[in-house]
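Heads up: the structure comes next, in structure tokens.
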There are 2 protein chains.
Amino acid sequence: MSEAVSARQLQKERTRGALLEAALELSSEQGFAQTSLRQVAKRAGVVPAAFYRHFESMDELGLALVERCFGTLRTMIRDASRDPQVFLQIIDAAAEILVEAVKQNKADFAFVARERIGGSEVVRRAIGHELDLFVSELAVVLARLPNIETWSADDVQMVSRLFVRNMVANAEEVVEMPEGRPDLEERIREGARRQMRLIVLGFKDWRS
Amino acid sequence: MSEAVSARQLQKERTRGALLEAALELSSEQGFAQTSLRQVAKRAGVVPAAFYRHFESMDELGLALVERCFGTLRTMIRDASRDPQVFLQIIDAAAEILVEAVKQNKADFAFVARERIGGSEVVRRAIGHELDLFVSELAVVLARLPNIETWSADDVQMVSRLFVRNMVANAEEVVEMPEGRPDLEERIREGARRQMRLIVLGFKDWRS
DNA sequence: GAAATCAGTGAACAACTGTTCACCCAACTA
DNA sequence: TAGTTGGGTGAACAGTTGTTCACTGATTTC
């Protein structure tokens, strides 16, 4: 594999990581678009000029951040979908995963949720593309569900988008949620559960 | 009413409007949070210091903008709900209104959609509050629909949130939509229609 | 062991930011 | 008509921004 990492490469990777981490922190405090190159460098413990040894611009760092966030998100969902229990009670599981995962990777989700709409053109497009991929992936799973097998590809895509969209909206709510309010948290979880149940209810009567 | 507007008051109102308009334009180009006081003043044809004669800060201007945008949004929906035809085919009407209204007031919607998540704390909170109001207003309407009359207040609130959320998401898509693509526009409209139909389908089987 | 590589330094730059101040002069009030 | 009010001016301020540059010194290569 990729053995023989020289001490230089290792150190480089380390400060690169520090820059990403610093950017993520600052983004969750004030938003990525409001975060300056100098702030990132300072928090990473590095002089501004050193930034350019790792990224050409803040946009490039933003793209790297998008990739990193969706990476952890993907592994999380892949792990969850391996669990057979999840497949049986897909709704409760999804609601549970949603709240827990968001709470544990708050910074990552906050970044995606905020920059999906607000920030720089490049970052926004990248996130949009990743979310479209997600919709398609979920559509493949949904297409195998009992009531849906017979649907047209367009309809499956539509309902998949409906799900992802609500997931994102719920994630946004958890991110925005003030710390240490388990009541609010349970409320969001319950709301998500009911919304999904309502949507699923419509499945068996759907036509065209 | 408020007659006897002196030439001074009138002129003041005019430049205040110019500042708001300039801020809205710049927001749709680069986002509100990335828009500086100086840029706004310049585009409004006024020196930076003059800004302070009208607003204490950019945050205050942002709040005024939120109010203005939700004002036009409200009148639009109120007008539409007066039309009896709308009440009969509520879904098609909603989809139609959505796309048309967003297209016509693109700048306003873009502002709300973007700053709902991204930008300054104060503006974000204000928009969140306005949207919560919207959810409650819609809930009152929904509570009168045939299948829903018997639901608990909590459930009505939930489905109302589901609707508003999807409206917002669809509006975001229209805003992000490249100019002059009627095919994409029709696609979004059709998607919104189907999503609403699917949700409504679940109504009659809902329990608890 | 000498030479080359390169992540990180620190100073300098021009441009832009929010905010202040004394000032001007047209529109109001008395 | 004289005096006051107040929206708009232009210059100045102290900070912050992205970007450049010649540099240093440890690590790698030969």
Side-chain angles (χ1 to χ4, degrees), chain A residues 2-27 29-65 115 118-123, chain B residues 2-27 29-65 115 118-123:
Chain A
S2 57
E3 306 280 321
V5 279
S6 64
R8 256 226 278 256
Q9 283 178 317
L10 194 133
Q11 175 56 26
K12 176 163 188 180
E13 206 58 37
R14 205 184 291 155
T15 59
R16 191 189 130 102
L19 285 169
L20 284 169
E21 201 55 44
L24 197 61
E25 271 179 42
L26 287 161
S27 292
E29 291 168 18
Q30 35 169 315
F32 179 75
Q34 280 74 250
T35 299
S36 70
L37 184 152
R38 285 180 110 101
Q39 287 176 327
V40 173
K42 189 170 194 173
R43 181 159 309 194
V46 127
V47 98
F51 179 96
Y52 294 101
R53 302 280 182 210
H54 302 271
F55 304 100
E56 204 189 34
S57 63
M58 280 295 283
D59 270 350
E60 201 178 291
L61 182 147
L63 291 184
L65 224 41
E115 306 312 319
S120 99
E121 177 85 20
V122 199
V123 175
Chain B
S2 57
E3 305 281 321
V5 279
S6 63
R8 246 214 296 242
Q9 285 177 315
L10 195 133
Q11 176 56 26
K12 175 162 188 181
E13 207 58 38
R14 206 183 293 155
T15 58
R16 191 189 130 101
L19 285 169
L20 284 170
E21 201 56 44
L24 197 60
E25 271 179 40
L26 288 161
S27 293
E29 293 167 18
Q30 36 170 308
F32 179 74
Q34 281 74 250
T35 299
S36 71
L37 184 152
R38 286 181 111 102
Q39 287 177 327
V40 173
K42 188 171 196 175
R43 182 159 307 195
V46 128
V47 97
F51 180 96
Y52 294 100
R53 303 281 183 208
H54 302 272
F55 305 99
E56 206 190 31
S57 61
M58 280 294 284
D59 269 349
E60 200 178 292
L61 182 146
L63 291 184
L65 223 41
E115 306 312 320
S120 101
E121 176 86 19
V122 199
V123 174

Response to the item:
B/L10 atom CG is separated from D/dG6 atom C1', nearest whole Å, by 16 Å
Item to complete: Spell out, as yes or no, whether a donor-acceptor pair under 3.5 Å connects the side chain of A/E115 to the backbone of A/V123.
Response: no
Fill in: Distance-only side-chain donor-acceptor flag, A/R8 / A/Q11, under 3.5 Å
no
Response to the item:
Atom NZ of B/K42 and atom P of D/dG8 are separated, to the nearest Å, by 19 Å
Discussion item. Would the distance check show the side chain of A/E13 and the main-chain N or O of A/L10 forming a donor-acceptor pair, the cut-off being under 3.5 Å?
Written reply: no
Practice prompt. Report yes or no: does A/Q39 contribute a side-chain atom to a donor-acceptor pair with the main-chain N or O of A/S36 at less than 3.5 Å?
Written response: yes
Practice prompt. Using a cut-off of strictly less than 4.0 Å between a heavy atom of the residue and any atom of DNA chain C, enumerate the qualifying residues of residues 46-63 of chain B by number.
Written response: B/A49, B/Y52
Worksheet item: Over how many whole Å does the gap from A/Q34 atom CD to D/dT16 atom P extend?
Response: 17 Å
Worksheet item: For DNA chain C, what residues of residues 13-20 of chain A have any heavy atom nearer than 4.0 Å?
Response: A/T15
Item to complete: Output the distance between atom CG (B/L61) and atom CD (B/E56), rounded to the nearest 0.5 Å.
Response: 12.5 Å
Worksheet, complete the sentence: Rounded to whole Å, the NZ-P distance (B/K12 to D/dT5) equals 15 Å
Worksheet item: Got a salt bridge between B/R43 and B/E29, using NZ or NE/NH1/NH2 to carboxylate O under 4.0 Å?
Response: yes
Mind listing the N/O atom pairs, protein and nucleotides 27-30 of chain D, below 3.5 Å?
from   : atom 1 : to   : atom 2 : distance (Å)
D/dT27 : O2     : A/R8 : NH1    : 3.4
D/dT27 : O2     : A/R8 : NH2    : 3.4
D/dT28 : OP1    : A/A7 : N      : 2.5
D/dT28 : OP1    : A/R8 : N      : 3.1

Worksheet entry | A/F32 and A/L24, any side-chain heavy atoms less than 4.5 Å apart | no
Worksheet item: Atom CE of B/M58 and atom CG of B/L63: how far apart are they, to the nearest 0.5 Å?
Response: 11.5 Å
Worksheet entry | d(CG, A/L37; C1', C/dC16) in whole Å | 16 Å
Discussion item. Rounded to whole Å, please give me the gap between CG in A/L26 and P in D/dT16.
Written reply: 15 Å
Practice prompt. Under 4.0 Å between any heavy atoms, over every strand shown, what does B/Q39 touch: base, sugar-phosphate, or nothing? Just pick one.
Written response: sugar-phosphate
Item to complete: Show your reasoning for whether side-chain contact (heavy atoms from CB on, under 4.5 Å) applies to B/L20 and B/F55.
Response: CA-CA 10 Å; B/L20 284 170; B/F55 305 99; 4.1 Å; yes
